[in-house]
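Heads up, the thing below is written out as structure tokens.
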Amino acid sequence: MQLVHNETLLESYIEKYDIRNHFPSEVMSHFRLYRAGIGDAICEQGEHVSQLYLLVKGKATVSYIAENGKKLIVSFTSF
């Protein structure tokens, strides 16, 4: 994933999705805008999660690897 340095675009997503009403102001200063490419993993199975990601544009697939080694698709999401 790539960090996008565009405060105007970040602010437009915050306004568009009314994010200020869902997060305290102390948290808002930590918001960053990232761009993920096709096939980029946002997080992987078994990985410790230290950040919350919000999909504001594009498509995402949620999947996991079953015990038998097969990849199972849980859901598709798009905005």
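In what follows, every heavy atom counts, from backbone to side chain, and hydrogens, waters and symmetry copies are set aside.
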If two hydrophobic side chains count as joined below 4.5 Å and joins carry through other members, does [X] share a cluster with [Y]?
{"X": "V62", "Y": "M1", "answer": "no"}
{"X": "V4", "Y": "I42", "answer": "no"}
{"X": "V56", "Y": "L52", "answer": "yes"}

Salt bridge (Lys or Arg N to Asp or Glu O under 4.0 Å) contacts in which one or both residues fall within residues 5-15, not counting sequence neighbours: E11-R20, E15-R20
Rounded to the nearest 0.5 Å, what separation is found between the CD1 atom of I14 and the CG atom of N21? 12.0 Å
Nearest-0.5 Å distance, OG1 of residue T8 to OH of residue Y13: 12.5 Å
For residues 28-39, run the donor-acceptor check on the side chains, cut-off 3.5 Å, and write out each pair with its distance to 0.1 Å, sequence neighbours left out.
residue, atom, partner, partner atom, Å
S29, OG, E26, O, 3.3
R32, NH1, S29, O, 3.1

Summary of side-chain hydrogen bond (donor to acceptor under 3.5 Å, both in side chains) pairs that have at least one residue in residues 60-74, sequence neighbours excluded: none
Applying side-chain hydrogen bond (donor to acceptor under 3.5 Å, both in side chains), which residue pairs with at least one partner in residues 48-59 are found, sequence neighbours left out? Q51-Y53
